[in-house]
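Order of appearance sets the numbers: ligands from 1, and atoms from 1 within every ligand.
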Amino acid sequence: MDFTLSEEQLMIQQAARDFAQQELLPGVIERDEEQKFPTAQVKMMGDLGFMGMMVDPEYGGSGLDTLSYVLVMEELSKVDASASVIVSVNNSLVCWGLETFGTKEQKEKYLKRLATGEIIGAFCLSEPEAGSDATSQKTTAIDKGDHYLLNGTKNWITNGSSADVYLVIAQTDAKKKHKGINALIVEKDMEGFEIGPKENKLGIRGSDTHSLNFNDVKVPKENRIGEDGFGFKFAMKTLAGGRIGIAAQALGIAAGAYELAKKYSKERKAFGTEIMNHQAIAFKLADMHTQIEAARFLVYKAACDKDRHENYDLSGAMAKLYASQVAMETTVEAVQIHGGNGFVKDYHVERLMRDAKITQIYEGTSEIQKIVISRSVLRD
Ligand code: CAA
């Protein structure tokens, strides 16, 4: 498979790299420490077209392919995974879901503003008792004729308090199990919608993660996405693409840590020479480089499958499983190469290590990816 990047893709990659260095790097340590949402940077990313990268220009997007999106995710994540998850959720889960399955009216009303970054979105599937087991939805959306009455709690919602538009998955008819689930568009100011406490997290601390409560929220029928009962399939199809975005995030975290470790190994001296001259360090860098290249191929392959309109459930799951494992292993080694300095915030690698962990958990844990992969390969 040929992954030679086009002139346009190279330009987009460079634009993301420049943005990350100039606008994300300054202040990234403080935002992490203070759990501060990168409001100004999100606005700039909207102006650069990063918030609706794959959306048709008719709806305010950049009209680019998935590979370009992955390149941007990788570059942003090298520096600030908190910023990149905001981009990932808005692009993969919210904009893609609305553009692919929404009505013309829904796209006019919501997608245009989401794709330009004027507003941002959140995807609400997880619940206190339904994380991996996503069909066990306890949030209910009772059909009341012209509207649904929404009640329940969602957990660990990225962009929880910063979003304006929330795609909420809820159970309408429990007897039908996953076929009785719907996806609804909820606006922040709808009566009965309440944002719960912010989570104090290990990593991606600049992104805001909240629980959400719905108390008799009246959601108009026209805010349902797709046919009655399509909600679970909507969530699964949307997450399949989301996993490519998170795989790219993991790849970026790994590559960012590797680049810092390589640079450090050329500067830091021990036993009379730069530490890169010690085989113990050189071999670590060799392993890291090899793993990152392998992860990159899987991530680009998944993106290209999506761009070619081929099934990407399997390739996306493999990309996420492997890239997130590489992110974890690589960042741990990057801290080790930095020695005592690696344990200090100023050197960035400890943050990347903390940020890496979530890529093995959200948008389907590594164990869930193995379910998707094993079911797919055993079906053949
Ligand atoms: N595309 C389309 N349909 C799909 C699908 C896909 N990729 N995967 C499953 N389905 C369909 C199945 O075909 C089935 O429908 P039918 O009965 O009509 O055939 C239906 O969905 C149920 O599928 P399963 O029987 O396979 O369901 P399951 O209970 O065994 O669960 C699972 C499957 C893959 C484990 C799923 O529950 C899952 O993905 N769980 C993880 C959920 C997850 O990723 N949560 C992350 C939260 S979102 C988040 O993190 C966002 C954030 O803020 C960053």
Side-chain angles (χ1 to χ4, degrees), residues 73 77 81-97 100-101 120-137 139 154-163 165-169 171 176-183 198-199 201 203-204 206-212 225-250 302 305-306 310-318 320-321 324 355 357-376 378-379:
M73 278 299 297
S77 307
S82 296
S84 72
V85 72
I86 300 162
V87 172
S88 177
V89 167
N90 203 66
N91 274 275
S92 305
L93 300 185
V94 180
C95 287
W96 186 85
T100 310
F101 302 109
I120 60 173
F123 182 84
C124 314
L125 172 69
S126 303
E127 298 187 353
E129 289 168 62
S132 292
D133 184 8
T135 56
S136 299
Q137 294 289 305
T139 298
K154 293 289 174 183
N155 259 28
W156 311 297
I157 304 303
T158 305
N159 301 339
S161 69
S162 309
V165 171
Y166 299 77
L167 307 188
V168 181
I169 312 299
Q171 186 82 53
K176 293 187 184 163
K177 298 189 174 155
H178 69 268
K179 290 184 175 146
I181 290 175
N182 278 306
K198 183 171 174 163
E199 302 292 354
K201 308 190 298 281
I204 56 161
S207 75
D208 64 320
T209 309
H210 288 256
S211 57
L212 306 174
I225 304 173
E227 294 296 306
D228 185 26
F230 180 65
F232 191 72
K233 290 230 164 164
F234 169 81
M236 289 297 108
K237 284 173 182 279
T238 305
L239 276 169
R243 288 166 184 164
I244 302 175
I246 299 304
Q249 180 187 48
D305 282 350
K306 185 161 178 286
E310 287 174 16
N311 188 299
Y312 51 88
D313 288 355
L314 174 62
S315 54
M318 289 196 300
K320 182 178 184 292
L321 174 68
S324 59
D355 289 348
K357 187 59 207 168
I358 193 62
T359 66
Q360 294 184 305
I361 297 173
Y362 60 18
E363 301 204 19
T365 61
S366 295
E367 293 72 18
I368 290 293
Q369 306 314 319
K370 288 183 192 181
I371 291 179
V372 174
I373 296 164
S374 59
R375 282 183 184 174
S376 175
L378 294 171
R379 221 178 8 238

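A donor atom on one side chain and an acceptor atom on the other are not found under 3.5 Å apart for Gln249 and Thr359. A side-chain donor from one of Asp228 and Asn182 sits under 3.5 Å from a side-chain acceptor of the other. No side-chain donor from either of Glu129 and Ser136 sits under 3.5 Å from a side-chain acceptor of the other.
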Which protein N or O atoms sit under 3.5 Å from any N or O of ligand 1? Give atom names and distances.
residue	atom	partner	partner atom	Å
ligand 1	7 (N)	Asp313	OD2	3.2
ligand 1	15 (O)	His178	NE2	3.4
ligand 1	17 (O)	His178	NE2	2.8
ligand 1	18 (O)	Lys233	NZ	3.1
ligand 1	26 (O)	Arg375	NH1	2.7
ligand 1	30 (O)	Arg375	NH1	3.2
ligand 1	30 (O)	Arg375	NH2	3.0
ligand 1	37 (O)	Ser132	O	3.4
ligand 1	39 (O)	Arg243	NH2	3.2
ligand 1	40 (N)	Ser132	O	2.8
ligand 1	44 (O)	Arg243	NH2	2.8
ligand 1	44 (O)	Gly364	N	3.0
ligand 1	50 (O)	Glu363	N	2.9
ligand 1	53 (O)	Thr158	OG1	2.8

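Using bins of under 30°, 30° to 60° and over 60° for the plane-to-plane angle, the ring pair Phe101/Trp96 lands in the perpendicular bin.
When all heavy atoms are compared, the tightest approach of Ile157 to Cys124 is CD1-CA, 3.7 Å. In terms of heavy atoms, Leu125 sits closest to Lys154 at O-NZ, 3.0 Å.
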